[in-house]
Amino acid sequence: MESARIARCSYGAVTVVIALFEHSKYADICNQMCLRFKELKIGSFELTYSLPEHPNCLLQSDMDVHLMLMCLSMLKSSFVDISVKDLLSSNNEDGNHAMSNHAAPNHTPYSHAVSNRAAPDHAASNHATSDHAAVDHGASNHAMSADAMSNHTTSNDATSNHLASSDAISNHTASNDVISNHAASNDAISNRAACGDAISYHAASSSCKLDSSAFDENEHLGTSRFHEGETYLSQGWKEYINNVGQKFEGGVAEFRNKLCKYAFATGFRFAFVKNEKERVIAECFKKISDGCNWRIHASVCRLNGFFYIKSLNKVHTCTGAICEEKSKMMSSRIISSVLVDRIQEEPFIKPVDIVKDFKQNYGLDISYHTAWYAKNLAKSEVHGDASSSYSRLVWYTDALMSSNRGSHCVLECDPKTSRFRRLFICYGACIEGFRWCRPLLFIDVTGLESKHKGQLIGATGKNGNQGSFPFAFAIVDSENEENWSWFFENLAKVLTPQGRTITFISDHNKGLTEAVSNMFPTSHHAFCLQHLKQNLLSKYPSTYGKFFRDHIVDLFLKCANAPTKAAFEVNMRNLKHEGGAPVMTFLEDLPKESWSYAYFKGNRYGEMCSNASESFNSWIFELRALPICQMVDGIRSKLMKMMAEWSREAEQWCSVLCPVMERTLNEGLMVGRNWNVSRCSASVYDVHAEICVKVDLANRLCSCHEWQIKGFPCVHALVAVQKDSGCIHEYTDDHFKSSYFRCSYAFSISPIPDIKNVMHEGSEDVIMPPLTKKRRGRPRKKMPKSVGEV
């Protein structure tokens with residue numbers, strides 16, 4: 001384990017402890033600080049650490065961290081104290097310290113200047129010039145003559161006096177604006193050189209003549225002043241309604257939308273007198289109460305369908321208009337028109353973030369429910385209606401089969417109700433590319449987040465570079481035995497012609513297990529070890545204690561990874577003896593041929609978990625909330641890009657093996673460089689490592705069993721091959737070679753025309769969405785267990 005040093009980090013009255021490693025970066029330390037101290041933000045604090053005789057060493061970069069660790073190593077110290085300081089308070093302290101250092105020793109103390117500023121007998125009748133009076137008084141207390149004031153730029157004492165006076169003012173008013181009015185901002189004060197330049201410029205331009213116009217008339221408001229120049233995005237809405245004859249190409253919908261935004265931006269409400277598809281007349285809401293004459297009339301042009309303003313009276317004769325934060329004009333439909341572009345960039349934005357965004361950028365208060373409905377409307381505008389998307393599948397499957405030859409696509413609906421049931425897709429490029437991958441498929445199911453829900457079943461392989469190779473997927477209305485059988489039936493249609501024995505890896509699912517045995521009787525089925533671990537832990541409540549539960553899981557993993565049947569039986573006896581009745585119940589319906597290496601008859605290539613399936617689910621995560629047709633095309637688009645990118649990248653490889661496997665091979669060779677190897681026969685060697693290991697190169701066997709488990713030469717085999725003066729690449733599986741990888745991605749997926757405006761010509765088939773029953777209560781955040789899963 002990498003040695004670590006302990007950092008005691010103090011912020012205010014709180015101290016936390018973090019670990020520092022040799023590879024620790026400055027950004028890692030800052031992130032730890034923000035994580036432990038919730039009030040801190042990146043960039044709002046500075047770090048210092050202490051060494052013997054040097055209590056304030058700055059920590060500002062990766063080089064500082066490296067030097068700190070070097071010093072601790074030379075001092076043979078395992079602990080270091082790190083102080084966290086807010087930048088604002090740190091700058092103020094530095095500024096005050098700089099001022100006090102520049103003051104002459106015979107000058108009036110700083111506190112005296114403050115008391116003079118606060119003295120009532122020196123207050124001026126005019127508030128705008130009272131501050132200057134205080135400055136003059138401070139100057140007189142320092143015995144500064146008029147000549148000294150006029151030669152302010154050449155007198156260090158005068159500069160110090162002016163600084164002290166400015167500091168007195170800034171401490172009295174507690175306002176950054178006062179400092180800025182004296183041409184010395186907070187940043188200038190914290191920087192000694194910048195402060196001197198600012199004061200010299202102030203003295204040179206005014207010759208220390210204090211003019212009341214230099215002060216802001218609102219400086220007494222302090223930090224609560226309005227920040228001039230701050231505008232909202234809604235200010236541009238005032239230009240939406242301009243003049244008679246203005247054109248709205250979007251028709252009545254665009255006109256209504258812009259009229260509501262215009263009303264909000266200008267701060268008034270209106271009422272519709274006529275609100276029809278061909279004509280809209282609106283008047284000010286205060287037409288009756290105040291007799292306001294504001295009125296607008298717009299109608300459609302039948303020739304082009306555009307809307308035109310026919311008459312407009314923009315003058316309000318009612319009481320003053322006020323732009324309110326809440327407006328009934330801003331309905332969810334109006335909000336959705338603003339969200340369209342945002343939804344395209346962030347499809348999973350939360351309603352609470354929409355509320356904050358409108359408050360900050362538009363100055364508009366909207367409710368959570370308004371934001372929620374607006375988000376759904378915007379999603380429908382961007383991706384289309386979720387229900388009508390099912391009917392487009394008829395056109396889409398035909399377009400897919402015609403543009404991607406060799407693909408297998410099956411769409412099924414209920415013949416009585418015409419409701420969607422299931423869809424299976426396997427692209428021709430994936431079918432051909434999988435021939436060059438290991439005969440290994442990971443099966444998993446994930447829930448869809450669209451309006452009509454459903455389940456997505458994925459079959460994923462692994463390429464020679466240890467990456468995922470998406471092979472086929474299906475969308476079903478529900479997860480049941482019938483749909484599992486249907487999925488593997490279609491999977492068999494594309495895999496059987498290849499003539500390979502496939503190893504399937506999935507969770508322990510009853511319907512899935514039966515479907516595999518029925519459709520692939522000669523194949524091998526292994527259970528995901530991670531799922532089995534979670535199922536075993538569920539047999540032991542938390543009352544048993546974490547240590548005991550982890551110990552039982554550890555015994556179970558020893559059984560699963562036991563290389564021989566004898567070792568398996570020994571570990572199994574220990575598991576049953578210590579686990580008791582819960583383990584016996586857990587193992588009843590769990591055939592050992594499906595989870596233990598010793599009894600597994602196929603080749604798992606060292607894959608004990610379904611990580612490839614989890615990678616595929618994460619890969620399509622953002623697409624699960626889209627309407628079905630857009631989701632399917634989104635998966636096609638990602639597959640198309642992935643195939644093209646890997647094909648282009650693989651052309652640059654110069655190694656015999658794929659980069660990941662080549663790196664694994666080189667690391668193994670480095671490990672065994674100091675081992676002794678003895679030849680026993682023509683192809684059998686004894687490798688003297690920590691223990692003596694037997695390697696049979698002819699049969700590709702090693703007594704450590706790693707070569708047999710992973711299908712890739714272990715460290716002992718690599719050393720034996722070097723001793724034999726043979727070519728190491730001849731003993732590696734072809735599926736790990738770069739040539740096979742290039743063949744896997746040599747086939748491309750063709751694009752499909754835009755599905756938004758194209759419908760299946762001449763087809764009268766209408767597919768209804770599946771019936772879904774909305775669950776009561778809050779929506780589930782986690783995927784429920786599969787049918788039959790333990």
Side-chain angles (χ1 to χ4, degrees), residues 232-234 236-237 240 250 252-254 256-265 269 272 275 323-390 392 420 446-456 475 477 617-618 620-632 634 756 768-784:
Y232 295 110
L233 297 178
S234 55
W237 296 350
Y240 280 178
V252 66
E254 181 185 354
R256 290 170 181 159
N257 183 289
K258 290 191 173 180
L259 181 60
C260 291
K261 293 178 180 177
Y262 169 78
F264 169 76
R269 291 175 59 189
F272 287 112
N275 189 15
C323 187
E324 300 176 346
E325 292 183 353
K326 293 184 179 180
S327 175
K328 294 182 178 181
M329 299 287 101
M330 304 304 292
S331 63
S332 57
R333 188 167 297 278
I334 304 299
I335 299 298
S336 67
S337 65
V338 183
L339 285 177
V340 168
D341 293 336
R342 184 75 180 274
I343 289 296
Q344 290 179 333
E345 298 175 358
E346 300 179 60
F348 289 94
I349 185 174
K350 298 179 180 179
V352 65
D353 294 327
I354 295 175
V355 173
K356 293 178 181 178
D357 179 71
F358 269 79
K359 179 65 174 177
Q360 181 178 358
N361 297 327
Y362 294 89
L364 176 63
D365 281 334
I366 60 175
S367 65
Y368 180 91
H369 294 288
T370 300
W372 186 87
Y373 282 110
K375 175 187 173 182
N376 290 337
L377 290 173
K379 287 173 62 177
S380 299
E381 180 70 21
V382 174
H383 304 296
D385 182 63
S387 300
S388 62
S389 180
Y390 284 88
R392 295 184 179 181
F420 172 84
T446 184
L448 301 180
E449 300 297 331
S450 59
K451 178 181 178 181
H452 301 287
K453 303 303 178 181
Q455 307 289 327
L456 188 145
I475 300 171
D477 53 359
N617 293 339
S618 300
I620 64 169
F621 178 80
E622 294 184 353
L623 302 174
R624 297 184 304 146
L626 300 180
I628 184 169
C629 202
Q630 282 76 6
M631 178 186 64
V632 171
K756 286 186 177 180
M768 303 293 292
L771 292 175
T772 54
K773 185 177 180 180
K774 186 177 181 180
R775 296 178 177 272
R776 299 178 62 183
R778 296 179 64 87
R780 287 179 175 176
K781 296 295 184 182
K782 295 183 179 179
M783 179 69 184

query: Once you round to the nearest 0.5 Å, how far does CD1 of Ile366 lie from CD1 of Ile334?
result: 12.5 Å

message: I need the Tyr240 OH to Lys261 NZ distance, nearest 0.5 Å.
response: 5.0 Å

query: In Å and rounded to the nearest 0.5 Å, what is the OH to CD1 distance from Tyr390 to Ile628?
result: 4.5 Å

query: Can you tell which of Ser387, Pro769, Ser389, Pro627 makes a side chain to side chain contact (heavy atoms under 4.5 Å, CB included) with Lys451?
result: Ser387

message: Within this structure, what is the CG-NE2 distance for the pair Leu771 and His452, rounded to the nearest 0.5 Å?
response: 9.5 Å

task: Would you check, one step at a time, whether the test side-chain contact (heavy atoms from CB on, under 4.5 Å) holds for Glu254 with Lys258?
output: CA-CA 6 Å; Glu254 181 185 354; Lys258 290 191 173 180; 3.1 Å; yes

Spacing of CD1 belonging to Ile335 relative to CZ belonging to Arg333, to within rounding of 0.5 Å: 12.5 Å

field: Distance-only side-chain donor-acceptor flag, Asn617 / Thr446, under 3.5 Å
entry: no

task: I would like to know whether Ser332 and Leu377 meet side-chain contact (heavy atoms from CB on, under 4.5 Å); could you show each step before the answer?
output: CA-CA 8 Å; Ser332 57; Leu377 290 173; 4.0 Å; yes

Side-chain donor-acceptor pairs of residues 368-375 under 3.5 Å, sequence neighbours excluded:
from, atom 1, to, atom 2, distance (Å)
Thr370, OG1, Ser367, OG, 2.8
Lys375, NZ, Ile349, O, 2.8

- line: Of all heavy-atom pairs linking Arg624 and Met631, the shortest is CA-SD, 4.1 Å

query: Do Met330 and Leu364 have side chains that get closer than 4.5 Å, going by heavy atoms?
result: yes

statement: OG of Ser388 to CE of Met768, rounded to nearest 0.5 Å, is 11.0 Å

message: Consider side chain to side chain contact (heavy atoms under 4.5 Å, CB included). Of Ile620, Leu623, Val632, which one does Leu456 pass it with?
response: Ile620

